[in-house]
Amino acid sequence: MKKSLMNKFTLKIISVFIAVFVWLLVVNIEDPVMTQTISNVSVEITNSTYIESMGKMPLVDEAKRNISVSVTGKRSVVDRLEAKDITAVADLQQIVDMDSDPIMVPITVSCPGITEDHIQARPQNIEIEIDEIKSMDFIVTPDAGSSKPGKGYELGRMTSDPDKITIKGPASVMGKIDKVVAPISVEGLNEDTIIPSTIKIIDKNQDEMSESDVKSLKFADDQSSTVNVAVELWRTKSNIAIEADYSGKPASGYQVDVIESVPETITIAGTEEALQEFADNGNALKIPADEVQLDGESADFEVKVDISKLLPEDIILATNENKIILLKVKILPLGSQEFSIPTTSIQVIKPGDMDVVFDSEKVTIRLKGRKKDLANFSESSIAATLDLSGYSPGEYEVPLTIQVPSQYQVVDEITVKLQLVKTAAEKSDG
């Protein structure tokens, strides 16, 4: 009886061991321990102040900042892990040798639910460079780009607050900076306003500085990357005449008849005070005499003038106005004068199946005579004839026959540019 009881107890113990073994076997088959490599884990650089206290700054190649991490654990745990679940830290205080080339910093990795001996960084160190710290001041330049304010306004002044910003960073990166701009949009604005802007750092290639370089820069303690840009709009004023004077003299026996401007008028913009002062001066831009210099000229000539340099303070040219104007100086013999007749008044002799198309609506004719006679002259006294007999279709510059009363003399030979074309009826028949 006693032996039977012992056998039963032994069987029970063996059964328990078998059950535990089977359970362990099942667990390991269903949820085995495995090792998995997780890529693109970003390494955080800590204790930069340790390097900065030496007057230097650490530089990390962004391409080397992402590492792989090997994790060992239950499949049910490891399978769910992502790069964001893992913390990778490179503590700059753990640099072993500051004089090594390159300088290597150990990487410590951790993950909730994974013990220290079951997680490993690959590689186990990150390479850094040490550079001198440089600090520089930069003027903040507001930039409205291609945006335009509302109709009747031009962009006058833009001022940034603060207007200067202090940036410090590695000398190698600071040397790339060309300027600091504050981009804004003034599209459709019709009143003065203040616009917040996040500054952009522009390198010497006139490109926006790369994100990795910007990350290595810092602003002064009381500054940030955001500034406020005050925008001042100026009202436009159209039909501003251009009046030109001249210096020197034409050739003996000649006179300056007139100075014509192309364009005849311009549009400006300015502060209310500046526009009022312009109006008080006759709403005209006066070209100084030294811009048009005569030195014995006996024929017409032209002068190009940059009027942007001649505008008063707080006055600008409106958008799309060309800053270069053309002054046409007309030189006439003494006792002569210019007159104009419409091309429609020209008597044209032409083939019956042709039509004439003139290049311009008017023809200018210079006449010489006594001052009194010229003052009383009427353009209706001019008889202009154009003989196109024998001409075929095409473009021509043809002499114009001018007849005027006997007390007047035509100064120059007159030609007209025209196009001779078949009549509409002739084209239809063809």
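These numbers come from the heavy atoms of this one structure, side chains and all, not from hydrogens, waters or symmetry mates.
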Checklist outcome for this item: d(Ile382 CD1, Gln403 CD) to nearest 0.5 Å is 12.0 Å
Checklist entry - Within the distance-only criterion (no hydrogens, no angle test), does the side chain of Asp79 pair as donor or acceptor with the backbone N or O of Ser76 below 3.5 angstrom? => result no
Checklist entry - Less than 4.0 Å between a side-chain N and a carboxylate O, is that true for Glu52 and Lys218? => result yes
Next on the checklist: Leu332 vs Val411, test: side-chain contact (heavy atoms from CB on, under 4.5 Å). Steps then yes/no.
Outcome noted: CA-CA 9 Å; Leu332 295 177; Val411 174; 5.9 Å; no
Item to check | Heavy-atom side-chain contact between Pro149 and Asn190 under 4.5 Å | outcome: no
Next on the checklist: Working note: Asp143 + Lys179, criterion salt bridge (charged side-chain N to carboxylate O under 4.0 Å, His left out); need CA distance, chi angles, decisive distance, verdict.
Outcome noted: CA-CA 12 Å; Asp143 181 11; Lys179 59 186 175 182; over 6 Å; no
Checklist entry - Got a second to check how far Asn322's CG is from Ile307's CD1, nearest 0.5 Å? => result 8.0 Å
Checklist entry - Any side-chain heavy atom of Phe138 within less than 4.5 Å of one from Ile201? => result no
Checklist entry - In terms of heavy-atom contacts, does CD of Gln419 have more than 12 from other residues, nucleotides or ligands at under 6.0 Å? => result yes
Item to check | Enclosure of Leu334 CG (heavy-atom neighbours >12, cutoff 6.0 Å) | outcome: yes
Next on the checklist: For a 4.5 angstrom cut-off between non-hydrogen side-chain atoms, does Asp355 reach Lys350?
Outcome noted: yes
Checklist entry - Looking only at side chains, do Asp161 and Asn228 share a donor and an acceptor under 3.5 Å apart? => result no
Item to check | Backbone of Pro183 reached by a side-chain donor or acceptor of Ser197 within 3.5 Å | outcome: yes
Checklist entry - So, the side chain of Glu321 versus the backbone of Thr319: is there a donor-acceptor pair under 3.5 Å, distance only? => result no
Checklist entry - Are there more than 12 heavy atoms of other residues, nucleotides or ligands under 6.0 Å from atom CG of Asp137? => result yes
Item to check | Residue Glu361 excluded, over 12 heavy atoms near CD under 6.0 Å | outcome: no
Checklist entry - Quick one: does Glu291's side chain have a donor or acceptor within less than 3.5 Å of a partner on Pro288's backbone? => result no
Checklist entry - Is it true that the side chains of Asp280 and Gln276 contain a donor and an acceptor less than 3.5 Å apart? => result yes
Checklist entry - Would you say Thr265's side chain and Asn239's backbone share a donor-acceptor pair under 3.5 angstrom? => result no
Checklist entry - Looking only at heavy atoms, which two atoms of Ser172 and Asp131 are closest? And how far apart? => result OG-OD2, 2.7 Å
Next on the checklist: How close do Leu155 and Ile316 get, counting heavy atoms only, and between which atoms?
Outcome noted: O-CD1, 3.6 Å
Next on the checklist: I'd like to know if the side chain of Ser247 reaches the main chain of Ala289, judged simply by a donor and an acceptor atom lying under 3.5 Å from each other, with no hydrogens or angles considered.
Outcome noted: yes
Next on the checklist: If the test is side-chain contact (heavy atoms from CB on, under 4.5 Å), which one of Ile126, Val89, Val41, Asp91 qualifies with Ile107?
Outcome noted: Ile126
Item to check | Closest non-hydrogen atom pair, Lys168 against Met174 | outcome: C-SD, 3.9 Å
Item to check | Any Phe339 side-chain heavy atom under 4.5 Å of Leu367 side chain | outcome: yes
Item to check | Residue pair Glu232, Thr159: steps toward the side-chain contact (heavy atoms from CB on, under 4.5 Å) verdict | outcome: CA-CA 9 Å; Glu232 184 179 333; Thr159 53; over 6 Å; no
Item to check | Closest contact, heavy atoms only, Pro405 versus Ser381 | outcome: CD-O, 3.8 Å
Checklist entry - Take atom CD in Gln206; do more than 12 heavy atoms of anything else shown fall under 6.0 Å from it? => result yes
Checklist entry - Would a distance-only check, ignoring hydrogens and angles, find a side-chain to backbone donor-acceptor pair under 3.5 Å from Glu187 to Lys148? => result yes
Checklist entry - Can you tell if the side chain of Glu379 reaches within under 4.5 Å of the side chain of Ile365, non-hydrogen atoms only? => result no
Checklist entry - Taking atom CZ of Phe219 and atom CD1 of Ile167, what is their separation to the nearest 0.5 Å? => result 5.0 Å
Next on the checklist: If only side-chain N and O atoms count, and only distance matters, is there a donor-acceptor pair under 3.5 Å linking Thr87 with Glu44?
Outcome noted: no
Item to check | Gap between atom CG of Leu217 and atom NZ of Lys176 - 0.5 Å precision | outcome: 9.5 Å
Checklist entry - Do Val421 and Pro393 come close enough that some side-chain heavy atom pair is under 4.5 Å? => result no
Next on the checklist: How close do Asp306 and Ser308 get, counting heavy atoms only, and between which atoms?
Outcome noted: OD1-OG, 2.5 Å
Next on the checklist: Tell me whether the count of non-hydrogen atoms from other residues, nucleotides or ligands lying under 6.0 Å of CD in Glu297 goes above 12.
Outcome noted: yes
Checklist entry - Roughly how far, to the nearest 0.5 Å, is CZ of Phe358 from OG1 of Thr344? => result 9.0 Å
Item to check | Gln347 (side chain) donor-acceptor with Ala383 (main chain) under 3.5 angstrom | outcome: no
Checklist entry - Is there side-chain contact between Leu92 and Thr46, with heavy atoms separated by less than 4.5 Å? => result no
Checklist entry - Is a side-chain N or O of Asn283 found less than 3.5 angstrom from the main chain of Ile240, in a donor-acceptor match? => result no
Checklist entry - Any chance NZ of Lys328 has more than 12 other-residue heavy atoms, nucleotides or ligands included, within less than 6.0 Å? => result no
Item to check | Spacing of Ile242 atom CD1 and Leu326 atom CG [to the nearest 0.5 Å] | outcome: 10.5 Å
Next on the checklist: Determine whether a donor-acceptor pair (N or O, by modelled atom type, separation under 3.5 Å) exists between the side chain of Lys204 and the backbone of Ile177.
Outcome noted: yes
Next on the checklist: Checking side-chain polar atoms at under 3.5 Å, does Glu397 have a donor or acceptor matched by the opposite partner on Thr415?
Outcome noted: yes
Next on the checklist: For Arg235 and Glu272: C-alpha separation, side-chain torsions, deciding distance, then whether salt bridge (charged side-chain N to carboxylate O under 4.0 Å, His left out) applies.
Outcome noted: CA-CA 7 Å; Arg235 185 170 55 85; Glu272 292 301 321; 3.0 Å; yes
Next on the checklist: Would Thr401 and Asp387 count as a side-chain contact (heavy atoms from CB on, under 4.5 Å) here? Give the steps.
Outcome noted: CA-CA 8 Å; Thr401 301; Asp387 189 356; over 6 Å; no
Item to check | Heavy-atom neighbours of Glu302 CD exceed 12 at 6.0 Å | outcome: yes
Item to check | Note, Val105 side chain near Ile45 side chain (heavy atom, < 4.5 Å) | outcome: no
Item to check | From CA spacing to verdict: side-chain contact (heavy atoms from CB on, under 4.5 Å), Arg157, Trp234 | outcome: CA-CA 8 Å; Arg157 294 192 187 95; Trp234 290 354; 3.9 Å; yes
Checklist outcome for this item: When every non-hydrogen atom of Pro399 is compared with those of Leu386, the smallest separation belongs to O-CD1, 3.4 Å
